[in-house]
Structure formats: C-alpha cells, structure tokens
Enquirer: 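Just passing along the structure, written as structure tokens.
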Amino acid sequence: MENNHRITKQELEKMYGVDRTTIEIWRRRYGLPIIEISSHSKYIRRDELIAWEDRMKDKFQVEV
C-alpha cells in the first residue's frame with residue numbers, strides 16, 4: 001500500500017473501533033489531520049495518519 005493512500009473517515013472508525021464523534025474529538029483536541037472536501041467527504045492520507053499516531057504515542061507514552 002502506498003503511503004499517500006487515502007483513508008476515509010468511515011474506514012478510520014472501523015480501524016479503531018470508534019464512532020464518528022470520537023474521530024471528531026481526535027480531530028479537534030489532538031490535531032488528527034482530516035482533510036474535508038465536503039460535509040460528506042472526509043479523509044486522511046496514510047502517511048499523515050502514521051505520523052499523527054507516532055506523535056500521540058510519544059505524547060501519551062506511559063511507563064508500566
């Protein structure tokens with residue numbers, strides 16, 4: 001799969017097992033870089049998602 005592959009908001013919901021409200025919270029509070037084409041067309045590029053995940057892991061890393 002190429003790094004610039006587009007992942008829809010609905011695909012993100014399925015990937016993480018969350019609803020659209022959670023995705024919107026991640027977008028507003030944590031800077032999830034969703035690209036909005038229209039109110040019904042939102043996606044994220046795979047490479048941007050991976051970079052965002054890495055930042056979140058670093059930010060919220062907890063010692064066990």
Enquirer: Decide side-chain contact (heavy atoms from CB on, under 4.5 Å) for I34 and L12; before the verdict, give the C-alpha distance in whole Å, the side-chain angles of both, and the deciding distance to 0.1 Å.
Expert: CA-CA 10 Å; I34 295 284; L12 276 179; 3.7 Å; yes
Enquirer: Decide, yes or no, whether a salt bridge links R55 with D58 under the criterion of side-chain N to carboxylate O below 4.0 Å.
Expert: no
Enquirer: Report the C-alpha separation of K42 and E24 in whole Å, then their side-chain angles, then the decisive distance to 0.1 Å, and conclude whether the side-chain contact (heavy atoms from CB on, under 4.5 Å) test is met.
Expert: CA-CA 11 Å; K42 299 175 185 174; E24 283 302 313; 3.9 Å; yes
Enquirer: Given K9, which partner from the list H40, R20, E36 fulfils the side-chain contact (heavy atoms from CB on, under 4.5 Å) test?
Expert: R20
Enquirer: Apply salt bridge (Lys or Arg N to Asp or Glu O under 4.0 Å) to E13 and list each qualifying residue two or more places apart in sequence or on a separate chain.
Expert: none
Enquirer: When rounded to the nearest 0.5 angstrom, what distance separates OG1 in T8 from CD1 in I44?
Expert: 11.0 Å
Enquirer: Does a salt bridge link E11 with K14, judged by any charged N lying under 4.0 Å from a carboxylate O?
Expert: no
Enquirer: According to the ring pair (Phe, Tyr, Trp, His ring centres under 6.0 Å) rule, which pairs have a member within residues 11-31, sequence neighbours left out?
Expert: Y16-W26, W26-W52, Y30-F60
Enquirer: I23, M15: one ILVMFWY side-chain cluster at the under-4.5 Å cut-off?
Expert: yes
Enquirer: Write down the atom of I35, the atom of E48, and the distance for their closest heavy-atom approach.
Expert: CD1-OE1, 4.2 Å
Enquirer: Nearest 0.5 Å, what's the CE-CG distance between M56 and L49?
Expert: 11.5 Å
